[in-house]
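Both counts, for ligands and for their atoms, begin at 1 and track the order of listing. What you are looking at is a predicted structure, and each value in this text was computed from that prediction instead of being measured. Scope of the values below: all heavy atoms of this structure, side chains included, with no hydrogens, waters or symmetry mates.
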Amino acid sequence: MRIFFNHLNYLIIILIITPPASSDTSTGKQILRTNQTLLSQNQTFVLGFFRGSNTNYYLGIWYNNINPQTIVWVANRDNPIDNSTGYLKIGDKGNFVLLNSSGNPAWSSNQTNAMNPVLQLLDTGNLVLKDSSDTTNSNYLWQSFDYPTDTMLPGMKLGWNLDTRTEKHLTSWKVAGEDPSSGDYTLKVDYHGLPDIFIRRNQTIIFRTGDWNGERFSGVPGMGDNINEIKYNFTYDEHGVWYSYSVTIASLLSRLILTSDSDGQYQRYMWIQGTWSKFSYVPAYQCDYYRVCGSYGVCDNDASPICTCVQGFRPKNQEAWNLRDGSDGCVRKTVLNCSTDKFLHLENMKMPETSSVFVNKSMTLDECGSLCKRNCSCTAYANIDITNGGSGCVMWLDQLFDMVVFPKNGQDLYVRLAAADIGSTSSNKNHRVDLAIGITLSALVLVLGLVAICYLRKKSKQKSRATIPGFVHRSHEFLMNEVVPSVERNMDDLELPMFDFDTLTMATNNFSQNNKLGEGGFGNVHKGRLVDGREIAIKRLSKDSGQGIEEFKNEVKLIVKLQHRNLVRLLGCCIEKDEKILVYEYMENRGLDSVLFDKSKGPLLDWKKRFNIIYGIAKGLLYLHQDSRFRIIHRDLKTSNILLDSEMNPKISDFGMARIFNEDQMQAKTRRIVGTYGYMSPEYAMDGNFSVKTDVFSFGVLILEIITGKKNRGFYIDNEELNLLGNVWRHWHEGTVLTLIDPSIGNSYIESDVIRCLHIGLLCVQEHAEDRPTMSSVIFMLNNEVPSLSYPKNPGFFARKSHPETDSSSNKQDEIWSVNQVTTTMLDAR
Ligand SMILES: *[C@@H]1O[C@H](CO)[C@@H](O)[C@H](O)[C@H]1NC(C)=O
Ligand SMILES: *[C@@H]1O[C@H](CO)[C@@H](O)[C@H](O)[C@H]1NC(C)=O
Ligand SMILES: *[C@@H]1O[C@H](CO)[C@@H](O)[C@H](O)[C@H]1NC(C)=O
Ligand SMILES: *[C@@H]1O[C@H](CO)[C@@H](O)[C@H](O)[C@H]1NC(C)=O
Ligand SMILES: *[C@@H]1O[C@H](CO)[C@@H](O)[C@H](O)[C@H]1NC(C)=O
Ligand SMILES: *[C@@H]1O[C@H](CO)[C@@H](O)[C@H](O)[C@H]1NC(C)=O
Ligand SMILES: *[C@@H]1O[C@H](CO)[C@@H](O)[C@H](O)[C@H]1NC(C)=O
Ligand SMILES: *[C@@H]1O[C@H](CO)[C@@H](O)[C@H](O)[C@H]1NC(C)=O
Ligand SMILES: *[C@@H]1O[C@H](CO)[C@@H](O)[C@H](O)[C@H]1NC(C)=O
Ligand SMILES: *[C@@H]1O[C@H](CO)[C@@H](O)[C@H](O)[C@H]1NC(C)=O
């Protein structure tokens, strides 16, 4: 047996083994020991042995030079070898075999008839076996891509070969990052009816992608959100159903993984600037979970409650429905009478379950409709493919399950109703819009101007859904103190240093005026110096802040858990003699506003520093939104809440208004709108709806401010000079956006970088929340010259609030504003 074994400095890594009949083979010479690795040609991937947390050895493939080790494939996931004397060798059946220390096979590849088997790790991460005499490049006798574990790499195919009835699917690790053995979660293509993909926990379906409509899965409207570098491919015919994707930028590393984390998620990661950025995942929203609203129920993430019945249906179990359990679904108000039935047109839908439907790919929508009308058991119909104006026919012959309505990117669906239930839908719709506008106008004192009205017209559709009579409004809002105790069981183990009041009094020279850094509605901030010389910032909450000790403690314990380079660090607190005090690390350069808007200090921030600040804020925000253990919406991002350390690195501070969302929650509504003019997104300022996209909006404002050096004062529609968003957008349109760059930046910038950042800023401040990118997209776009950024739509801004208080104090910056003048109790980290 000849072995060509290469280490890092070799380029071509192929193992060539002489015919198995040779005498060497019988002695079982190893070809890959547990301390050796095999590199792909371009050194993208490594084949080798790794150890699970159970210290067993597994043969696997991972990315080369990426920390932490990211394993994409495991050979012997359910048959580990328990000691380092195991090895991989060529077997005598044209295959290769993994032997344990006693020389017994723990795992082997399938038998082939190769005379001279060659094992090669490709740069795609595919481990292939071929015959050395075979010069074609793709005739693999065996390939690891045919035996996926939990990771789907570009070029890999999942699905069914219907001729051989064989299948490829993903199975999560038992314990993410620790135990690679087959876990409880699977992701499988389902070929029945109109094919789609299911994620299951054991046998229970938890997520359904919806059918493929030519562009995306009907249940994943955000697929490819803002980037075109990932191309999905889903094909099916009588021979098979295949799902795959490719990445158009060769250097971009991206993977999809099915993990048991977060109770089962299918996640897209991108390798960006030295970390894996979680780019998107399902299930993400409440409505993503399978059959939340039962038969004929429609789930709407933006509505409250999330379940409604299709028009013409009523809740089957009104009692459960009132208690927000929609899983029993809905029943018809009027029984069908085949000949006179009509069809209700629903828009932006996730198609109902398609495992037992009638399908004809070549019929038109009209043909489909008349076939459905004639067939009395047909309950709904739709196009299969939405590209090129729509084609194909899918007909449901039973109840409709698992429907969702999206703000956009959904599909048209026609549901059979008794004529009596159909009403005159078109006039009905207009009436609702007018009514909603009327109601909303009188409710919101601050709404003025055309922009606002346009906004409302769009919004009103959603409003009318959310206010179905008989439903108690549910607040999605989770205050920190409501959530923390149940999430954090061992909170008391937390080592949060308690400072005593006397120490802090001394450190701040008895809270002297000279040491005061700032003043807010919730208390004062002082600079202090501890006996050991450490400088600290001390936030002393005013006594009448109204917050109880327990709430205060809980908030503190949450904040102390948030650890990220771009979040200001809480060092400890003090609870003594009615005093509630927070102690933070001291930030030499204070708030970003004090540098950015100060003509004399502006030049301290050259382009590189400004980009670094933008990027740092983005990372901090991404951490809050999806990387920390909670989903946290900051709600009050602004320049004065971005603190700068001595090297001008940004740190997000002030979590006083932050809200925690539970895992599957994406949006909430509050009656108490708190925040700062100029940074509030329209849907939040006007309706109190907030979500991660509320923060994205504020972040967009920050980008524009950082680049232009101008403050967004918000609402002066008639004065573009003061309305930064409108101003940037106008210049963007006219191609003169570079004239807006802060002169303090000098010539230190690269034009294309500045333009890209402004572009991203404009995408973030778009009027409609669903158009704004997520923070992971933002990070991606900041890092890459994405050729296909979408053109920004108009920014969200609205008429100035006509409120005497604001008018009289209009020179006061960063006014904390609350619609109904409720003073809230907040922690203001400074
Ligand atoms: C790998 O381990 C074997 C013994 O198990 C030893 O002989 C060999 O030198 C090691 N190779 C390397 C590269 O460490
Ligand atoms: C390997 O790297 C070379 C040079 O960097 C590049 O030209 C080639 O396309 C790469 N091959 C693969 C398969 O990535
Ligand atoms: C592995 O197991 C074999 C047989 O069980 C034993 O002889 C050998 O010492 C073990 N090696 C190590 C490194 O534990
Ligand atoms: C090696 O594998 C054989 C067969 O699976 C098993 O019986 C034996 O216990 C294993 N030996 C070790 C040391 O794991
Ligand atoms: C290949 O081997 C796997 C186990 O490693 C086995 O489940 C599968 O049936 C084999 N396939 C063929 C075509 O022999
Ligand atoms: C899945 O099934 C296994 C074995 O029946 C069981 O141990 C496990 O708890 C189940 N997992 C979940 C999440 O229900
Ligand atoms: C999609 O996949 C099918 C079958 O797997 C393949 O024939 C086709 O070329 C692929 N299309 C694209 C655009 O990659
Ligand atoms: C169905 O409608 C037709 C025409 O309106 C009517 O004659 C018939 O009685 C209806 N049948 C039922 C079962 O309601
Ligand atoms: C699909 O519909 C077309 C047009 O109505 C028809 O010609 C064709 O036979 C149908 N195909 C199947 C498989 O039913
Ligand atoms: C309705 O269409 C389905 C699917 O083609 C068929 O199986 C069923 O027999 C039809 N029913 C009637 C009443 O025509």
Side-chain angles (χ1 to χ4, degrees), residues 27-37 48-60 75-76 79-89 97-107 160 162-163 190-196 211-214 235-241 295-296 332 335-343 351-401 412-419:
T27 64
K29 255 193 188 161
Q30 69 279 4
I31 63 163
L32 192 66
R33 289 170 174 273
T34 51
N35 60 2
Q36 294 174 313
T37 58
F49 290 86
F50 69 95
R51 301 178 78 169
S53 60
N54 50 14
T55 75
N56 286 332
Y57 286 79
Y58 297 89
L59 177 67
N76 57 325
N79 282 307
I81 51 181
D82 69 347
N83 111 5
S84 62
T85 34
Y87 53 89
L88 180 72
K89 70 155 200 170
V97 185
L98 187 62
L99 299 176
N100 69 12
S101 55
S102 47
N104 290 308
W107 175 88
W160 280 88
L162 292 173
D163 296 332
D190 185 287
Y191 64 84
H192 298 96
L194 207 50
D196 57 1
D211 57 295
W212 180 259
N213 63 26
T235 57
Y236 54 94
D237 55 25
E238 62 274 26
H239 300 295
V241 185
S295 60
Y296 296 110
R332 281 185 197 282
V335 288
L336 294 175
N337 172 347
C338 194
S339 59
T340 58
D341 292 340
K342 296 224 158 55
F343 286 90
M351 296 282 100
E353 233 173 301
T354 49
S355 45
S356 58
V357 288
F358 165 85
V359 175
N360 182 326
K361 277 189 185 175
S362 54
M363 279 167 83
T364 65
L365 190 64
D366 284 346
E367 290 170 339
C368 194
S370 58
L371 185 63
C372 183
K373 186 150 177 46
R374 286 198 307 272
N375 185 326
C376 296
S377 42
C378 174
T379 51
Y381 68 94
N383 266 149
I384 293 174
D385 194 309
I386 61 167
T387 55
N388 303 322
S391 61
C393 172
V394 49
M395 255 168 51
W396 284 263
L397 300 162
D398 203 343
Q399 302 183 70
L400 308 179
F401 281 103
D412 289 351
L413 175 72
Y414 301 84
V415 178
R416 185 180 215 113
L417 284 189

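- Of the heavy atoms in Cys378, none comes closer than 4.0 Å to ligand 10.
- In the vicinity of Met363, heavy-atom distances shorter than 4.0 Å reach the ligand 9 atoms 2 (O), 4 (C), 5 (O).
- Across all their heavy atoms, Asp398 and Tyr296 have their closest contact at O-OH, 3.8 Å.
- With hydrogens and angles ignored, the 3.5 Å screen pairs a side-chain donor or acceptor of Asn76 with a backbone N or O of Leu59.
- Per-residue contacts place Asn360 under 4.0 angstrom from the following atoms of ligand 9 (heavy atoms of the residue considered): 1 (C), 2 (O), 3 (C), 8 (C), 10 (C), 11 (N), 12 (C), 14 (O).
- Partners of Asn56 according to the side chain to side chain contact (heavy atoms under 4.5 Å, CB included) rule, which considers only residues two or more places apart in sequence or in another chain, are Asn54, Tyr58, Pro80, Asp82.
- The side-chain heavy atoms of Val359 and Tyr236, taken from C-beta on, include no pair separated by under 4.5 Å.
- Less than 4.0 angstrom separates some heavy atom of Ser362 from each of these atoms of ligand 9: 1 (C), 2 (O), 3 (C).
- For Lys373 and Tyr414, the positive end is not near the middle of the six-membered ring at less than 6.0 Å and at most 45° from its axis.
- Separation of atoms CE (Met363) and SG (Cys372) is listed at 10.0 Å; rounding is to 0.5 Å.
- Taking a heavy-atom cut-off of under 4.0 Å, ligand 3 is surrounded by Asn83, Ser84, Thr85, Ser101.
- A search for side chain to side chain contact (heavy atoms under 4.5 Å, CB included) contacts involving Asn388 returns nothing, not counting sequence neighbours.
- Every pair passing side chain to side chain donor-acceptor pair (under 3.5 Å) that includes a residue from residues 377-386 is listed here, sequence neighbours excluded: Asn375-Ser377, Asp385-Thr387.
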